[in-house]
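Right, one structure below, let's go through it.
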Amino acid sequence: MLVSLVAAGCGATPDLTKTVSARSTVPMEPAPVDPGVAAEWNKPQDPALTLEAQRRVDPCALIDPGSLAPWADDLTLVNSGWDRCFGYQLLESRSVNVSLQLGDTPLLVAPEAAEDIAGLTTYVQSMGSGSGGTCTVRVLTSEGEHPRALTVLVDGPGEDLCDRGGELARAAVERLREDPPLMDTPDGTLLERDPCALVPPEVVEDILGPGQESRPDGLYRCRWGALGGPSLFVEFAQRADPANDVATEEVEVAGATAYRERSDIVYPQCEISWLHRTTSGGPFESEVVRVVMDDVLREGADVCAGAFAAAQEVRPALPPSD
C-alpha cells in the first residue's frame with residue numbers, strides 16, 4: 001500500500017487597505033435526502049445544473065455583456081479552461097475584470113449562503129478599496145456535504161459590483177436552464193468525460209489507503225485523499241504537449257508514451273502526463289491528461305509509483321484520440 005493524503009494551504013499577507021464584507025451570514029439547512037439513498041456530493045437542485053449537464057457548456061457564452069452595459073459593454077472574453085472564462089475591458093479609471101467558473105467548490109462559504117439568485121441559494125462577498133472593488137457571487141448549483149457553485153467574480157470601479165455580478169450570475173443560470181451554449185465534441189475529445197470515474201476505488205485504496213473519496217474541482221479535475229497524507233489528482237487540461245517540456249522524462253504508460261516529472265522543491269510531487277488529442281486551437285490548447293501525486297507532509301510516499309499506478313488505469317479508460 002502506498003499511503004494516505006493531505007491538502008495543505010498557503011497563507012498570504014492581507015491587504016489592510018481593503019475592507020471585506022460577506023452579505024450572507026445565515027446558515028442554510030442541508031438539502032433533504034431520501035433516507036434510503038446515500039447522500040451524494042453532487043445531489044442537484046436542477047437537472048440542467050448537474051456537473052454532467054455542464055461539461056459541454058461554453059463558459060464564455062454564459063457571460064452576457066449586456067448585463068454590464070453601459071458600465072462595461074465591450075468585454076474581451078477568453079476561455080481559461082473548458083470550465084472557466086475570463087473577460088476584461090480597459091476603462092478610463094481602471095480595468096474591469098470578470099470571470100465565470102463552472103463546478104466551483106464553495107465548501108467553506110456554503111453554510112453561510114443566504115441570498116437567492118434564480119431560485120438558488122447564493123453566497124455574496126464584496127471587497128472594497130479606494131478605486132473600486134471586487135465582488136464574488138457563488139450560486140449553489142448543488143448543496144449538501146459537497147456543494148458546487150457557478151461562481152462569478154467582478155472587479156472594477158464603482159460601488160454596485162455585487163449587483164452587476166448578481167445579474168451576470170442570474171443570466172448565466174437562466175441560460176443553462178433554457179438554452180445552454182454547447183461546445184463541439186469532436187471524436188476522441190475529453191470534454192464529456194468525468195475524471196473522477198477513471199481510477200477504480202480499489203486502486204485508489206492501494207495508492208492512498210482505505211476510506212478515500214473523490215472530490216471534483218471544477219468539471220475536469222478530481223482529487224482523492226483525506227486530510228493527513230498524500231493526495232492523488234487527475235486533470236484534463238488545455239495546454240502544450242508535455243513532450244516539449246525539457247524537465248520531463250519519457251516513460252511508457254499502458255503501452256504508449258507519456259512523460260514524467262518529479263519535483264522535491266517544496267514537497268515530493270510526481271506528475272505523469274501525455275498528449276491525448278491535438279486541436280485546431282493552437283499549440284497551447286491541446287488536450288492533455290495529467291496524473292499527479294504529492295506528499296505535502298513528507299510522509300515517505302512513493303509519489304511516482306502512485307502516479308504511475310493511477311495513470312495505468314486512466315489511459316485505457318479514455319476514448320481513442322483519432
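Computation of the quantities below employed the complete heavy-atom set of this structure, encompassing side-chain atoms and omitting hydrogens, waters and symmetry-equivalent molecules.
Residues Trp82 and Met183 approach most closely at O-CE, 3.8 Å, considering heavy atoms. Heavy-atom minimum distance, Leu161 versus Gly133: CD1-O, 3.0 Å. Between Arg298 and Ile265, the closest heavy-atom pair is NH2-O, 4.2 Å. Ala311 approaches Ile272 most closely through the heavy-atom pair CB-CG2, 4.1 Å. Closest non-hydrogen pair, Ile207 versus Gly306, comes out as CD1-O, 3.5 Å. Nearest approach of Gly103 to Gln54, heavy atoms of both residues: N-OE1, 4.0 Å.
Looking at Ser99, its side chain never comes within 3.5 Å of a backbone N or O of Asn97 through a donor-acceptor pair. Checking side-chain atoms of Arg170 against main-chain N and O of Gly165 turns up no donor-acceptor pair under 3.5 Å. Thr189 places a side-chain N or O within 3.5 Å of a backbone atom of Leu191 that can act as its donor or acceptor partner. The backbone N or O of Arg148 sits less than 3.5 Å from a side-chain atom of Thr141, completing a donor-acceptor pair. For Arg138 (side chain) and Thr121 (main-chain N/O), no donor-acceptor pair under 3.5 Å exists by modelled atom type. Using modelled atom types, one side-chain atom of His276 and one backbone atom of Gly188 make a donor-acceptor pair closer than 3.5 Å. Not a single donor-acceptor pair under 3.5 Å links the side chain of Asp217 to the backbone N or O of Arg221.
Within the model, atoms CG of Leu49 and CG of Leu120 stand 6.0 Å from one another, a figure rounded to the nearest 0.5 Å. We find the CG-CD distance between Leu150 and Gln101 to be 9.0 Å, quoted to the nearest 0.5 Å. If you take CD1 on Ile63 and CZ on Arg175, they are separated by 12.0 Å, rounding to the nearest 0.5 Å. Taking OG of Ser67 as the reference point, atom CG of Asp163 lies at 12.5 Å (rounded to 0.5 Å). Interatomic distance, CG of Leu140 versus OH of Tyr123, reported as 11.5 Å (0.5 Å rounding). Here the CD-SG distance, from Glu261 to Cys270, works out to 9.0 Å after rounding to the nearest 0.5 Å.
With sequence neighbours excluded, the residues that form a side chain to side chain contact (heavy atoms under 4.5 Å, CB included) with Asp264 are Arg262, Pro268. With sequence neighbours left out, the side chain to side chain contact (heavy atoms under 4.5 Å, CB included) criterion links Arg315 to Val253, Ala254, Ala256, Ala258, Trp274. Every residue two or more places apart in sequence or in another chain that forms a side chain to side chain contact (heavy atoms under 4.5 Å, CB included) with Asp74 is listed here: Gln89. Evaluation of the side chain to side chain donor-acceptor pair (under 3.5 Å) rule for Glu192 yields no partner, not counting sequence neighbours. Taking the side chain to side chain contact (heavy atoms under 4.5 Å, CB included) definition, one finds that Ala243 meets it with Asp241, Tyr259, sequence neighbours left out.
Note on Leu275 and Phe236: separate hydrophobic clusters, where clusters join Ile, Leu, Val, Met, Phe, Trp and Tyr whose side-chain heavy atoms are under 4.5 Å apart, directly or indirectly. A chain of hydrophobic side-chain contacts below 4.5 Å, direct or via other Ile, Leu, Val, Met, Phe, Trp or Tyr residues, connects Leu190 to Val291. Side-chain heavy atoms closer than 4.5 Å link hydrophobic residues (I, L, V, M, F, W, Y) into clusters, and following such links, possibly through other members, connects Trp224 to Leu198. There is a path of hydrophobic side-chain contacts, each under 4.5 Å, that joins Val98 to Leu176. Grouping the Ile, Leu, Val, Met, Phe, Trp and Tyr side chains by contacts below 4.5 angstrom, directly or via other members, places Leu153 apart from Met127.
Between Arg260 and Thr248 there is no side-chain heavy-atom pair separated by less than 4.5 Å. Side chains of Pro242 and Glu271 form no contact here, defined as non-hydrogen atoms less than 4.5 Å apart. For the pair Tyr88/Leu75, no side-chain contact is recorded, criterion being any heavy-atom separation below 4.5 Å from C-beta on. Using a 4.5 Å cut-off on side-chain heavy atoms (C-beta onward), Asn79 and Pro59 make contact. For the pair Asp155 and Val96, the minimum side-chain heavy-atom distance is 4.5 Å or more. Contact check for Val78 versus Cys85: no side-chain heavy atoms found under the 4.5 Å cut-off. Side chains of Pro216 and Leu51 form a contact here, defined as non-hydrogen atoms less than 4.5 Å apart. Put simply, the side chain of Cys135 does not reach to within 4.5 Å of the side chain of Arg164, judged on heavy atoms.
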For side chain to side chain contact (heavy atoms under 4.5 Å, CB included), just list the numbers for Thr136 and Thr151, CA-CA rounded to whole Å, side-chain angles, deciding distance to a tenth of an Å, and then say yes or no.
-> CA-CA 7 Å; Thr136 304; Thr151 297; 3.8 Å; yes

Kindly determine whether Val288 and Gln238 satisfy side chain to side chain contact (heavy atoms under 4.5 Å, CB included), including the steps that lead there.
-> CA-CA 6 Å; Val288 172; Gln238 289 178 293; over 6 Å; no

Test Val57 against Leu102 for side chain to side chain contact (heavy atoms under 4.5 Å, CB included), laying out the working first.
-> CA-CA 9 Å; Val57 172; Leu102 296 173; 4.2 Å; yes

Leu62/Leu168 under side chain to side chain contact (heavy atoms under 4.5 Å, CB included): CA gap, chis, key distance, verdict = CA-CA 8 Å; Leu62 292 176; Leu168 281 174; over 6 Å; no

Asp294/Arg223 under salt bridge (Lys or Arg N to Asp or Glu O under 4.0 Å): CA gap, chis, key distance, verdict = CA-CA 11 Å; Asp294 56 40; Arg223 186 178 291 275; 3.8 Å; yes

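Screening residues 55-71 for salt bridge (charged side-chain N to carboxylate O under 4.0 Å, His left out) gives Arg55-Asp194 as the qualifying pairs, with residues at least two apart or on separate chains.
By the 6.0 Å contact criterion, CG on Asn244 is enclosed, its count of non-hydrogen atoms from other residues, nucleotides or ligands being greater than 12.
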